Amino acid sequence: MAVTASSKPSGSEPEVRTAAGVLRGRREAGLAVFRGVPFAEPPVGDLRFAAPRPVRGWDGVRPAAAFGPPPPQSGMLGASQDAAGDDWLTVNVWTPEPDAAARLPVMVWIPGGGYVMGDSGLPEYDAGHLAGSGAVVVSLGYRVGVEGFAQIDGAPANRGLLDQVAALQWVRDNIRVFGGDPDRVTVFGQSAGGGSVAALLAMPRAVGLFRRAVAQSVPGTFFSPELAADIAAACAAELGLSPTVSDLSAVAPARLPAAGDAVSAKMARWRERWGPITHRPIPFAPVVDGDVLPDTPWRALAGGAARDVALLVGHTRDEHRLFSLIDGVLGQVTREQAETALRLLAPGQDGARGYREAYPSATDEELYELVNADWLFRMPSLHLAVAQTAGGGRSHLYELTWPAPGAGGGLGACHGLDVPLVFGNLTSGQPAMLIGEPPSPAAEELSARIRRAWTGFAAHGDPGWPAYDARRRLAQIFDTPSTVSAYPEEASRRLWQDHAFPALPLLAR
């Protein structure tokens with residue numbers, strides 16, 4: 001659908017005319033910012049658990065000054081439960097100038113949150129610094145938890161991923177009037193956002209919607225339909241219901257996350273059925289359903305599904321240490337806990353012995369951290385680069401090894417440390433606690449370096465270091481100073497080199 005820029009806005013407030021109608025944003029620090037822009041109809045009422053429907057047009061000028069409400073989500077880690085309204089499917093746009101002639105590179109951010117949380121309005125995702133570097137930055141909301149990822153009878157699978165595709169279609173159709181180039185779109189995301197990026201690379205519905213992809217800390221958890229259906233049944237049972245559209249549509253959206261939280265809190269009781277996801281625990285993830293998501297990202301990329309999309313992918317060194325802090329085991333991991341983690345997560349017939357032989361001087365706690373980090377984030381991220389290269393595409397690999405000085409300095413290069421560094425928000429938002437107060441010159445310099453890499457990759461496909469290949473295995477090591485070297489986690493790479501990261505099965509019926 002063709003869209004055109006409106007005539008000059010009144011006063012200092014920027015206006016654009018999108019396919020659905022005119023939006024009025026705000027001027028902030030030299031940027032035009034538009035918040036809470038709907039890209040699809042609210043997925044409630046008759047649209048509950050359905051694929052997203054394009055937003056209907058409006059008359060007059062629609063204010064775009066405030067973020068839309070986040071989707072209903074888990075409260076287990078303190079996420080906001082005060083969702084005022086059901087217009088969850090919105091985007092936010094930061095642009096140097098809403099001029100259709102600008103043709104700036106576009107970066108579309110997919111928030112993380114374990115597929116159970118996700119709020120594009122968090123202060124850590126403010127894109128002022130990135131957009132100030134000469135890019136149009138878009139962030140989006142999508143359904144999470146039961147609403148977005150539960151396997152429900154009568155509903156399409158992976159509704160959260162379908163929301164992301166709908167947001168990318170909105171970008172394709174509308175971003176030009178914000179100053180963006182629809183032919184230079186980069187998707188980027190971290191944690192579940194990185195897993196979503198990996199899924200999009202494997203989805204036929206997403207083909208042609210983006211040219212480049214940045215996947216930060218990609219989770220290796222993708223579910224088989226049988227496993228996802230079993231978990232959905234357990235969630236519905238918490239409400240005395242069946243996992244069907246007819247049953248669950250009668251439950252207010254705000255009530256559903258509690259059912260997912262209840263299952264998550266007692267997942268260990270299903271260990272013999274659900275396997276390693278009960279260790280973390282992880283009740284929701286993309287489902288390899290054969291339609292929306294035909295295959296795992298690793299198999300799809302190795303088969304050439306995304307060979308025309310340049311990929312930037314990596315992880316932090318100490319991915320699991322933050323979770324150990326949250327779980328209350330940091331500095332207190334027992335030998336029994338390490339053995340359990342090794343038994344559940346390590347690859348191969350005797351993975352525990354493999355880890356102990358590969359890391360002979362490691363303590364039980366170090367082994368616990370290593371196998372958790374490798375299973376959930378480090379090796380899935382590495383394998384995505386390997387698969388993309390094997391499928392004839394181009395990938396650039398990185399590892400963040402800079403130890404976070406904040407929170408007492410004991411978390412190392414932990415999960416989530418990349419978020420404030422990528423966005424440049426070193427003093428605002430919850431992850432900024434990892435940076436320390438005030439941010440050191442080293443942190444400022446590292447953040448600037450990472451932002452240059454991300455925006456340079458979005459602009460022209462080059463983050464500033466060589467592409468990954470199976471012979472040299474070069475990676476950018478982000479630290480102070482940063483270097484380019486052979487991928488440093490060689491012992492773990494060897495342990496996992498034959499693992500395929502298949503869709504996780506239902507172990508018992």
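No experiment lies behind these values; they were computed from the predicted model shown.
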Under 3.5 Å, is there a donor-acceptor pair linking the side chains of Tyr368 and Thr334? no
Have Gln216 and Trp454 got a donor and an acceptor in their side chains that come within less than 3.5 Å?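 Trp454 and Gln216 do have a side-chain donor-acceptor pair below 3.5 Å.
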So which atom in [X] and which in [Y] form the shortest heavy-atom distance, rounded to 0.1 Å?
{"X": "Gly194", "Y": "Pro219", "value": "C-CD, 4.4 Å"}
{"X": "Val146", "Y": "Ile152", "value": "O-CD1, 3.9 Å"}
{"X": "Phe49", "Y": "Arg159", "value": "O-CD, 3.3 Å"}
{"X": "Leu256", "Y": "Leu248", "value": "CD2-CD2, 4.3 Å"}
{"X": "Tyr142", "Y": "Pro111", "value": "OH-O, 2.6 Å"}
{"X": "Cys235", "Y": "Ala259", "value": "O-CB, 3.6 Å"}

Working to the nearest 0.5 angstrom, can you tell me the gap between [X] [atom1] and [Y] [atom2]?
{"X": "Arg473", "Y": "Thr389", "atom1": "CZ", "atom2": "OG1", "value": "12.0 Å"}
{"X": "Leu421", "Y": "Ile450", "atom1": "CG", "atom2": "CD1", "value": "4.5 Å"}
{"X": "Ser224", "Y": "Asp289", "atom1": "OG", "atom2": "CG", "value": "11.0 Å"}
{"X": "Phe39", "Y": "Asn174", "atom1": "CZ", "atom2": "CG", "value": "12.0 Å"}
{"X": "Thr221", "Y": "Tyr115", "atom1": "OG1", "atom2": "OH", "value": "5.5 Å"}
{"X": "Arg48", "Y": "Asp86", "atom1": "CZ", "atom2": "CG", "value": "10.0 Å"}

Using modelled atom types and a 3.5 Å cut-off, is there a donor and acceptor pairing between side-chain atoms of [X] and backbone atoms of [Y]?
{"X": "Thr296", "Y": "Ala503", "result": "no"}
{"X": "Gln73", "Y": "Pro71", "result": "yes"}
{"X": "Asp374", "Y": "Met379", "result": "no"}
{"X": "Trp274", "Y": "Leu227", "result": "no"}
{"X": "Tyr359", "Y": "Ser492", "result": "yes"}
{"X": "Asp261", "Y": "Gly75", "result": "yes"}
{"X": "Gln476", "Y": "Gly314", "result": "no"}

Parallel, tilted or perpendicular: which one describes the rings of Trp94 and Phe67, with boundaries at 30° and 60°?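 Tilted.
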For Trp496 and His499, take the angle between the two ring planes, folded into 0 to 90°, and tell me which bin it lands in: parallel under 30, tilted 30 to 60, perpendicular over 60.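 Judged by the thresholds at 30° and 60°, the geometry between Trp496 and His499 is perpendicular.
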So, do [X] and [Y] sit near enough that their side-chain heavy atoms are less than 4.5 Å apart?
{"X": "Val422", "Y": "Val214", "value": "no"}
{"X": "Gln169", "Y": "Arg172", "value": "yes"}
{"X": "Leu140", "Y": "Ser120", "value": "no"}
{"X": "Glu319", "Y": "Leu376", "value": "no"}
{"X": "Leu434", "Y": "Cys414", "value": "yes"}
{"X": "Gln332", "Y": "Glu365", "value": "no"}
{"X": "Val144", "Y": "Phe284", "value": "no"}
{"X": "Asn425", "Y": "Pro123", "value": "no"}

Tyr125 ring center within less than 6.0 Å of Trp109 ring center: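 Between Tyr125 and Trp109, which both carry aromatic rings, the centre distance is below 6.0 Å.
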Before we go on, tell me: are the rings of Tyr398 and His396 under 6.0 Å apart, centre to centre?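 Centroid separation for Tyr398 and His396: 6.0 Å or greater.
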Pair Arg494, Glu490 - check salt bridge (Lys or Arg N to Asp or Glu O under 4.0 Å), show working. CA-CA 6 Å; Arg494 289 181 175 274; Glu490 177 64 10; 2.9 Å; yes
Derivation and outcome, side chain to side chain contact (heavy atoms under 4.5 Å, CB included), residues Leu312 and Phe188: CA-CA 9 Å; Leu312 171 58; Phe188 69 128; over 6 Å; no
Checking side chain to side chain contact (heavy atoms under 4.5 Å, CB included) for the pair Trp88/Asp163: CA distance, chi angles, key distance, verdict? CA-CA 10 Å; Trp88 316 320; Asp163 293 343; over 6 Å; no
Here's a test for you: under side-chain hydrogen bond (donor to acceptor under 3.5 Å, both in side chains), which of Glu272, Lys266, Arg271 qualifies with Thr278?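 Only one option passes, and that is Arg271.
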Applying ring-ring contact (aromatic ring centres under 6.0 Å, His included), which residue pairs with at least one partner in residues 244-266 are found, sequence neighbours left out?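 Every candidate ring-ring contact (aromatic ring centres under 6.0 Å, His included) pair involving residues 244-266 fails, so no pair, neighbours aside, qualifies.
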Step-by-step side-chain hydrogen bond (donor to acceptor under 3.5 Å, both in side chains) determination, Arg280 to His320: CA-CA 10 Å; Arg280 181 50 268 145; His320 195 263; 3.0 Å; yes
Stepwise, does the ring-ring contact (aromatic ring centres under 6.0 Å, His included) test hold for His279 with Phe323? CA-CA 12 Å; His279 177 69; Phe323 298 107; over 10 Å; no
side-chain hydrogen bond (donor to acceptor under 3.5 Å, both in side chains) with Ser249: which residues, sequence neighbours excluded?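 With sequence neighbours excluded, Ser249 shows a side-chain hydrogen bond (donor to acceptor under 3.5 Å, both in side chains) to no residue whatsoever.
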Going by the rule side-chain hydrogen bond (donor to acceptor under 3.5 Å, both in side chains), which residues pair with Asp364 if we only count those two or more places apart in sequence or in a different chain? Arg335, Arg356
